[in-house]
Amino acid sequence: MHPSALADLRSFIRTIPDYPRPGIQFRDITTLLGNAGAFRRAVDELVQPWAGSKIDRVAGIEARGFILGGAMAHQLSAGFVPIRKKGKLPHTTVRVAYSLEYGLDEMEMHTDAIVAGERIILVDDLIATGGTAEAAVKLLRSLGSQLLGACFIIDLPDLGGARRLEAMGVAVHTLVRFEGH
Ligand code: AMP
């Protein structure tokens, strides 16, 4: 990506120090989403690697991945699939456990959300350690999808999440990066 474009999108992301816990720099994308030009540019850049290809569905991780994934699905003329925290989806689900900083959590998808062989893209706002995205990749693959790639507005490269996904054979596309945590 062009370096000036990169600097520009970063300036729409607000950093909240010590939220939700001391030591965390929370990268808040509500300021980017609230700006018409920045939101459009972020979505355009997220779909750019797949422009012109046939994508069956975009899978978004709760909750900020829903906002980005809905817009991307519209732009790619694809369907949208939600990946949710456990207990939120009403029909039969597949579930996977994943580790957080403290303890375990679980995420789910509807078993009929994807047909085996479909071409899927995964999206979330940010990749840090990659634990959340790795769990989503496992769910998508368990349903036989062809995962073309995972995209995120923000990469925190020092936490290694992008490398972790690439080690699973997933192509990773990110728009901006923040060094440190
Ligand atoms: P991880 O599983 O460590 O890659 O964490 C990624 C998930 O946690 C994403 O859904 C992010 O929205 C959220 N997250 C992690 N770290 C941050 C941060 N510094 N600022 C905002 N969101 C974060």
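Here, residue 1 is the first one in the sequence, and each next residue gets the next number.
Considering every non-hydrogen atom in both Ala135 and Val96, the closest pair reads O-CG1, 3.5 Å. When all heavy atoms of Leu89 and Met109 are compared, the pair lying nearest together is CD1-CA, 3.7 Å. Between Val123 and Gly65, the shortest heavy-atom contact is CG1-O, 3.7 Å.
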*Please walk me through it: do Ile16 and Gln25 pass side-chain contact (heavy atoms from CB on, under 4.5 Å)?*
CA-CA 6 Å; Ile16 316 272; Gln25 303 272 18; over 6 Å; no
*Determine, stepwise, if the pair Ile127 / Leu156 fulfils side-chain contact (heavy atoms from CB on, under 4.5 Å).*
CA-CA 6 Å; Ile127 183 157; Leu156 304 185; over 6 Å; no
*Report the C-alpha separation of Glu62 and Lys88 in whole Å, then their side-chain angles, then the decisive distance to 0.1 Å, and conclude whether the side-chain contact (heavy atoms from CB on, under 4.5 Å) test is met.*
CA-CA 10 Å; Glu62 184 171 0; Lys88 305 270 184 130; 3.8 Å; yes
*Derivation and outcome, side chain to side chain donor-acceptor pair (under 3.5 Å), residues Asp56 and Gln146*: CA-CA 10 Å; Asp56 294 302; Gln146 212 189 120; over 6 Å; no
*Step-by-step side-chain contact (heavy atoms from CB on, under 4.5 Å) determination, Ile83 to Leu122*: CA-CA 10 Å; Ile83 299 181; Leu122 175 67; 4.0 Å; yes
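Here the CD1 atom belonging to Ile153 is positioned 4.5 Å from the CD1 atom belonging to Ile29, to the nearest 0.5 angstrom. Here Leu76 contributes atom CG and Lys54 contributes atom NZ; the two are 11.0 Å apart, rounded to the nearest 0.5 Å. Rounding to the nearest 0.5 angstrom, the gap separating the CG atom in Leu33 from the CZ atom in Phe12 is 12.0 Å. Note: Lys85 NZ to Ile61 CD1 = 10.0 Å, rounded to the nearest 0.5 Å. To the nearest 0.5 Å, atom CZ of residue Arg84 and atom CZ of residue Phe66 are 5.0 Å apart. In this structure, the separation between CD1 on Ile24 and OG1 on Thr15 is 12.5 Å, given to the nearest 0.5 Å.
When hydrophobic clusters are built by joining Ile, Leu, Val, Met, Phe, Trp and Tyr residues whose side-chain heavy atoms come closer than 4.5 Å, directly or via intermediates, Tyr98 is grouped together with Leu165. Hydrophobic clustering places Ile121 together with Ile154 (ILVMFWY residues linked when any side-chain heavy atoms are closer than 4.5 Å, directly or through intermediates).
Within the structure, side-chain hydrogen bond (donor to acceptor under 3.5 Å, both in side chains) pairs that include any residue of residues 104-116 comprise Lys86-Glu106, Thr93-Glu108, Arg95-Glu108 (at least two apart or interchain). A salt bridge (charged side-chain N to carboxylate O under 4.0 Å, His left out) check over residues 113-136, counting only residues at least two apart or in different chains, returns the pairs Arg57-Glu118, Arg64-Asp125, Glu134-Lys138, Glu134-Arg164.
Between Glu45 and Val47 there is no side-chain heavy-atom pair separated by less than 4.5 Å. In this structure, Asp158 and Phe178 have side chains that are not in contact, with every pair of non-hydrogen atoms separated by 4.5 Å or more. Here the side chains of Leu126 and Phe152 are not in contact, with every heavy-atom distance at 4.5 Å or above. Arg27 is not listed as a side-chain neighbour of Arg14, based on a closest heavy-atom distance of 4.5 Å or more. Residues Val137 and Leu147 have side chains in contact (heavy-atom distance under 4.5 Å, counting atoms from C-beta outward).
In this structure, Asp8 does not pair ionically with Arg10, as no charged nitrogen and carboxylate oxygen lie closer than 4.0 Å.
The ring pair (Phe, Tyr, Trp, His ring centres under 6.0 Å) check on Phe39 picks up nothing, with sequence neighbours excluded.
Within the 3.5 Å criterion, the main-chain N or O of Leu104 finds no donor-acceptor partner in the side chain of Ser99. Remark: the backbone N or O of Gly161 is not paired with any side-chain donor or acceptor of Thr129 at under 3.5 angstrom. Of the possible donor and acceptor atoms, one in the side chain of Asp18 sits under 3.5 Å from a partner among the backbone N and O of Gly23.
Within a 6.0 Å radius of CZ in Phe26, more than 12 heavy atoms belonging to other residues, nucleotides or ligands are found.
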